[in-house]
Amino acid sequence: MPSDTESTGKLVYKRVLLKLSGEALMGPTEFGIHMPTCLQFAEEIATALRDTGVELCLVIGGGNIFRGLAGAANGMERSQADSMGMLATVMNALAMQSALEQVGVPTRVQSAIPMDTVCEPYIRRRAIRHMEKKRVVIFAAGTGNPYFTTDTGAALRAAEMSCDAMFKGTQVDGVYSADPKKDADAERYDHLAYQDVLARDLRVMDASAVSLMRDTNIPIVVFSLHKKGSLQDVLLGLGTSTVIS
Ligand code: UDP
């Protein structure tokens, strides 16, 4: 296992799951999918793949389109609403596949809810094979079960794929003691223990996702999605991030 703190300029994590929230795909808009933003992420991923040789899989949330909790609050049966949330993640996965293929990155979408005419079903061994062939695999429909989130789906897939790290792309370059956009004294952490995140309720990811990463000993790397080249830098052990391990 590579060290997660060394700054070598060499690939630190050979296989990585990158989790993006659905909201990241909205770009400057208030709802839905902003294709220029998807294309920016796709370019960033294409550069990182070309220059580092990393094996990459993606999980994208659905909050830019539909959240089960919001549907339930609006009078819908919760499991039914969660199914709609999971379908939203499939839409996002297809949009990102389109963006990645426009920049020349071969991509497969695998859905936890089978929909054979749209994408592949989730098959663990097949997903691993795709990554070995340097295809990006996008895991859609979360865990396939209601009452879960895509953070937990991402943690589950990272464990199943034996990833060396789960990367969480956010608005800022790591985990801070307070919101750095509101509090000038907010302090960024270079490193946190899983237990710190859970006990202090730092809300990096759902507690169930963090505990699964703790149990499987997979580091969570929180970094900025908005700084050009940051994905590649963090893969190479450079740049700024918070490592939870
Ligand atoms: N969802 C679900 N099971 C899963 C993953 C997701 O039911 O395993 C539903 C849930 O309704 C959730 C929605 O899909 O609100 C969108 O996912 P999430 O809220 O995690 O998206 P994000 O906040 O990352 O955009």
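Throughout, residue positions are numbered sequentially from 1 according to the sequence presented. This structure is a prediction, so every number in the text was calculated from the model and none was measured. In listed order, ligands and their atoms are each counted from 1.
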Any [X] side-chain heavy atom under 4.5 Å of [Y] side chain:
X      : Y      : value
Thr242 : Val221 : no
Met35  : Gln102 : yes
Leu87  : Phe66  : no
Arg188 : Val172 : no
Leu231 : Phe223 : yes

Which protein heavy atom lies closest to [atom], and at what distance to 0.1 Å?
atom                    : answer
atom 16 (C) of ligand 1 : Gly62 N, 3.7 Å
atom 5 (C) of ligand 1  : Thr149 C, 3.3 Å
atom 7 (O) of ligand 1  : Asp82 CB, 3.1 Å
atom 18 (P) of ligand 1 : Thr150 OG1, 3.4 Å
atom 12 (C) of ligand 1 : Gly68 N, 4.0 Å
atom 14 (O) of ligand 1 : Gly85 C, 3.1 Å
atom 2 (C) of ligand 1  : Phe148 O, 3.2 Å
atom 19 (O) of ligand 1 : Arg67 NE, 3.2 Å

For Glu55, is there an ion pair with Lys14 - N to carboxylate O distance below 4.0 angstrom?
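Yes, Lys14 and Glu55 are salt-bridged.
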Ligand-residue contact atoms, ligand 1 with [X], heavy atoms, under 4.0 Å:
X      : result
Gly61  : 21 (O), 22 (P), 24 (O), 25 (O)
Lys19  : 24 (O)
Pro146 : 7 (O)
Thr143 : 4 (C), 8 (O)

Consider ligand 1: state whether an atom of it lies below 4.0 angstrom from any non-hydrogen atom of Met84.
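Distance cut 4.0 Å: Met84 fails for ligand 1.
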Min heavy-atom dist Gly153 to ligand 1 below 4.0 Å
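No.
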Say you draw a straight line from CZ of Phe139 to OG1 of Thr150; how long is it, rounded to the nearest 0.5 Å?
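If I round to the nearest 0.5 Å, the distance is 14.0 Å.
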Drop me the distance from Asp82's CG to Gln80's CD, to the nearest 0.5 angstrom.
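Answer for the CG-CD pair, Asp82 versus Gln80, is 10.0 Å.
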N or O contact, [X] vs ligand 1, cut-off under 3.5 Å:
X      : result
Ser21  : no
Gly22  : yes
Thr89  : no
Asp151 : no
Gly63  : yes

From the options Asn64, Ile33, Thr37, select the one residue that forms a side-chain contact (heavy atoms from CB on, under 4.5 Å) with Met26.
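Testing each of Asn64, Ile33, Thr37 against Met26, the sole residue satisfying side-chain contact (heavy atoms from CB on, under 4.5 Å) is Asn64.
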State whether the side chain of Arg124 and the backbone N or O of Arg157 hold a donor-acceptor pair below 3.5 Å, judged by distance alone.
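Not at all, since once roles are kept as given, no pair shorter than 3.5 Å links the two residues.
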Answer yes or no: is there a donor N or O on one side and an acceptor on the other, between the side chain of Asn92 and the main chain of Gly61, under 3.5 Å?
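Present.
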What heavy-atom pair brings Arg200 and Tyr189 nearest, and what distance separates the two atoms?
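Heavy-atom minimum between the residues: NH2-OH, 2.6 Å.
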For ligand 1, the portion of Asn145 having any non-hydrogen atom under 4.0 Å away
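Looking at Asn145 and ligand 1, just backbone atoms fall under 4.0 Å.
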